[in-house]
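This report refers to the structure that appears directly beneath it.
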Amino acid sequence: MEQFIFAKRFYNAPYNEYLAKLVLKPLAPDRRWKFIYEPLRHEVRLLSKKIPVTKFLNLQVGLGHSFQLHATGWKWKLTTCFGGDGVSSIRNKTSLGICPGLDFRFGWKADYVFPEVTGSLGTGEPLFNMNSGRLQASLDRVEAIFSQ
């Protein structure tokens with residue numbers, strides 16, 4: 001007998017104080033699908049797990065129905081395996097030896113969102129949509145290190 005996870009998620013939304021989701025998915029580690037019901041939007045969706053296409057690309061496919069729009073359609077999403085769904089961050093210090101006895105050390109930070117390609121059919125959304133991602137980098141510190 002399979003076991004399932006029931007989860008109710010709340011998100012802040014501009015048109016209502018909360019946007020509730022009811023999520024049903026198998027507890028098994030190799031779960032291949034999840035079922036989502038959004039009562040305020042009157043939508044149900046069946047999503048596949050992220051399927052690795054290459055070493056760095058994942059594909060997710062979903063089938064949904066909107067009771068409000070009386071429409072059934074499917075969506076797909078092609079994402080990278082880096083960084084997750086939100087903004088990811090790298091903080092690092094890099095040293096550069098200029099000559100014996102003189103090194104520069106740079107403290108830098110990068111916040112990034114990787115590009116994402118999505119599409120749908122029969123949902124009122126574009127057939128093909130691309131988010132080019134975003135990179136914001138800053139050089140926080142430069143140090144000159146003299147040594148004898």
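This chain uses plain numbering: 1 for the first residue, then up along the sequence.
- Closest non-hydrogen pair, Y37 versus E43, comes out as CD1-O, 3.4 Å.
- The NZ atom of K49 sits 9.5 Å away from the CG atom of N58 when rounded to the nearest 0.5 Å.
- Residues passing the side-chain hydrogen bond (donor to acceptor under 3.5 Å, both in side chains) test with S138 are D140, sequence neighbours excluded.
- With sequence neighbours left out, R105 forms a salt bridge (charged side-chain N to carboxylate O under 4.0 Å, His left out) with E143.
- Take L139 and apply the side-chain contact (heavy atoms from CB on, under 4.5 Å) test, not counting sequence neighbours, and it matches F106, W108, V142.
- Between L69 atom CG and H42 atom NE2 the span is 10.0 Å, to the nearest 0.5 Å.
- The side-chain hydrogen bond (donor to acceptor under 3.5 Å, both in side chains) search around W74 returns none, not counting sequence neighbours.
- Counting heavy atoms from C-beta on, the side chains of S95 and D103 never come closer than 4.5 Å.
- At least one donor-acceptor pair under 3.5 Å links the side chain of R31 to the backbone N or O of P26.
- Sorted by first and then second residue, the salt bridge (charged side-chain N to carboxylate O under 4.0 Å, His left out) pairs with a member in residues 64-73 form an empty list; sequence neighbours excluded.
- For I51, the side-chain contact (heavy atoms from CB on, under 4.5 Å) partners two or more places apart in sequence, or in a different chain, are S48.
- Atom CD1 of I36 is separated from atom CZ of R45 by 4.5 Å, given to the nearest 0.5 angstrom.
- Atom NZ of residue K75 and atom OG1 of residue T118 lie 8.5 Å apart, to the nearest 0.5 angstrom.
- By the side-chain hydrogen bond (donor to acceptor under 3.5 Å, both in side chains) test, S120 is found to be paired with T123, residues two or more places apart in sequence or in another chain being considered.
- Taking H65 as the reference, T72 meet the side-chain hydrogen bond (donor to acceptor under 3.5 Å, both in side chains) condition, with sequence neighbours excluded.
- Taking 4.5 Å as the limit, some side-chain heavy atom of V117 sits within range of a side-chain heavy atom of W76.
- Taking the side chain as every heavy atom from C-beta outward, F35 and L47 never approach each other to under 4.5 Å.
- Taking 4.5 Å as the limit, every side-chain heavy atom of L24 sits out of range of all side-chain heavy atoms of K34.
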